[in-house]
Amino acid sequence: MKIYNNFTPYAPEGDDLPANVLFLRSDTGVDWYDAQKEFKESTLKVMFDSAGIICCAETDASGLWPVDCSVVEIDDKEVPIDFVASSGGWIFDGKKITARKFSKEEFQVKAEAQKTRLMNAATAAIAPLQDAEELGMATEVELTALSLWKRYRVMLNRVDTSSAPDIEWPVQPQG
């Protein structure tokens, strides 16, 4: 397992360097472009932050840009079956990839973000239906949809995110 820690930007010395190219090096001085050559083609390259939270993973290391992150090479048989790199739900603990255990506060923040996304979607669905009603142009189908969306938004507004992760989200209207 190869691991390169804490890549940060730097300016290499030399007159023959291409213009407009950014360079990174690890805490041991290894240039990111050189480090990429050391990885095997068949392994997963995992990028993680200083807390060990996995931010990204690629089989092709050139798909990573590990500014203020570290990169480890993991053999495919060591990767959990349900691993999803972009979820933020995994960590690299220095030896292996494990599921992340979220704190109560982290669950609450995620729930607040989910509630905001759902409220925004409901508001976007309601706006044209509300316009049609106010202008006296709404069909029966639109009036029914408007009522369902408004009811959903009220129920969503009542969701207590402090109970995260144990939240029963209201069901979004179809259509």
Side-chain angles (χ1 to χ4, degrees), residues 1-125 156-157 159-170 172:
M1 170 185 336
K2 289 195 183 333
I3 185 166
Y4 296 98
N5 291 307
N6 307 318
F7 282 96
T8 55
Y10 81 108
E13 295 179 15
D15 296 329
D16 59 341
L17 298 172
N20 300 322
V21 175
L22 299 175
F23 292 88
L24 300 176
R25 72 172 156 211
S26 71
D27 60 0
T28 58
V30 177
D31 180 272
W32 172 236
Y33 297 110
D34 292 333
Q36 291 178 60
K37 297 173 193 171
E38 299 298 316
F39 294 125
K40 298 175 189 170
E41 286 185 26
S42 62
T43 58
L44 186 67
K45 287 59 154 191
V46 176
M47 186 172 86
F48 58 96
D49 67 15
S50 60
I53 299 170
I54 295 174
C55 313
C56 188
E58 298 282 342
T59 52
D60 181 356
S62 68
L64 303 174
W65 187 244
V67 177
D68 298 324
C69 286
S70 300
V71 178
V72 63
E73 178 179 50
I74 306 281
D75 193 281
D76 286 345
K77 64 181 176 270
E78 301 297 323
V79 178
I81 291 174
D82 53 347
F83 173 68
V84 179
S86 61
S87 70
W90 297 88
I91 61 168
F92 179 71
D93 67 5
K95 296 181 182 171
K96 64 186 181 311
I97 296 172
T98 59
R100 183 174 171 198
K101 292 176 179 43
F102 290 95
S103 69
K104 180 73 173 161
E105 293 77 22
E106 288 172 316
F107 277 123
Q108 196 167 346
V109 167
K110 288 173 69 134
E112 282 292 335
Q114 174 71 358
K115 184 175 179 177
T116 298
R117 280 191 299 277
L118 295 173
M119 288 291 279
N120 289 342
T123 299
L156 188 58
N157 191 55
V159 168
D160 178 12
T161 57
S162 69
S163 63
D166 300 318
I167 294 176
E168 190 170 323
W169 296 97
Q172 195 174 67

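These figures come from a predicted structure and were not determined experimentally.
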Search all heavy atoms of Ala61 against all heavy atoms of Lys45 and return the closest pair with its distance. CB-CG, 4.0 Å
Contacts of Ile91 meeting side chain to side chain contact (heavy atoms under 4.5 Å, CB included) (sequence neighbours excluded), chain-then-number -> Ile53, Thr98, Arg100
For residues 79-99, the salt bridge (charged side-chain N to carboxylate O under 4.0 Å, His left out) pairs (sequence neighbours left out) are Asp93-Lys96
Looking at side-chain heavy atoms only, is the closest gap between Leu22 and Pro9 below 4.5 Å? no
Nearest 0.5 angstrom please: Met47 CE to Cys56 SG, how far? 5.0 Å
Side chain to side chain contact (heavy atoms under 4.5 Å, CB included) involving Val109 - partner list, sequence neighbours excluded: none
Compare every heavy atom of Glu106 with every heavy atom of Phe102, then report the nearest pair and how far apart it is. CA-OE1, 3.3 Å
Of all heavy-atom pairs linking Asn6 and Ser70, the shortest is N-OG, 2.8 Å
Can you check whether Ile167 reaches Phe107 side chain to side chain, under 4.5 Å on heavy atoms? no
Rounded at 0.5 Å granularity, tell me how far CZ in Phe39 sits from CG in Leu64. 8.0 Å
Residue set satisfying side chain to side chain donor-acceptor pair (under 3.5 Å) with Thr28, at least two apart, ordered chain then number -> Ser26
Enumerate the residue pairs fulfilling side-chain hydrogen bond (donor to acceptor under 3.5 Å, both in side chains) with a member in residues 110-123, sequence neighbours excluded, ordered by first and then second residue. Glu112-Thr161, Gln114-Arg117, Thr123-Arg153
Of all pairs that satisfy salt bridge (charged side-chain N to carboxylate O under 4.0 Å, His left out), the ones with a partner from residues 18-40, not counting sequence neighbours: Asp34-Lys37
Listed partners of Thr59 passing side chain to side chain contact (heavy atoms under 4.5 Å, CB included), at least two apart: Leu44
To the closest 0.5 Å, what do you measure between OG (Ser62) and CH2 (Trp32)? 8.5 Å
Residues pairing under salt bridge (charged side-chain N to carboxylate O under 4.0 Å, His left out) where one sits in residues 54-76, two or more places apart or in two chains, turn out to be Asp75-Lys77
Of all heavy-atom pairs between Ile74 and Thr43, which one has the smallest distance, and what is that distance? O-CB, 3.5 Å
Fit a plane to each ring of Tyr33 and Phe23, take the angle between them on a 0 to 90° scale, and name the class: parallel (under 30°), tilted (30 to 60°) or perpendicular (over 60°). perpendicular
Heavy atoms only: give me the nearest Ala121-Gln172 pair and the separation to one decimal. CB-NE2, 4.2 Å
Kindly write out the residues that satisfy side chain to side chain donor-acceptor pair (under 3.5 Å) with Asp49, not counting sequence neighbours, or none if the list is empty. none
Sorted by first residue and then second, give each ring pair (Phe, Tyr, Trp, His ring centres under 6.0 Å) pair with at least one member in residues 40-64; sequence neighbours left out. Phe48-Phe92
Please list, chain by chain and in numerical order, all residues satisfying side chain to side chain contact (heavy atoms under 4.5 Å, CB included) with Ala125, sequence neighbours excluded. Trp149
Stepwise side chain to side chain contact (heavy atoms under 4.5 Å, CB included) test for Trp90 and Val46: CA-CA 11 Å; Trp90 297 88; Val46 176; over 6 Å; no
Of all heavy-atom pairs linking Ala111 and Trp169, the shortest is O-CH2, 3.5 Å
Start with the C-alpha gap between Ile97 and Glu78, add the side-chain angles, then the distance that decides, and say whether side chain to side chain contact (heavy atoms under 4.5 Å, CB included) holds. CA-CA 8 Å; Ile97 296 172; Glu78 301 297 323; over 6 Å; no
Holding to ring pair (Phe, Tyr, Trp, His ring centres under 6.0 Å), I want the full list of residues that pass it with Tyr10, two or more places apart in sequence or in another chain. none
So CG of Asn5 and OG of Ser50: to nearest 0.5 Å the spacing works out to 11.0 Å
Drop me the distance from Lys104's NZ to Ser163's OG, to the nearest 0.5 angstrom. 6.0 Å
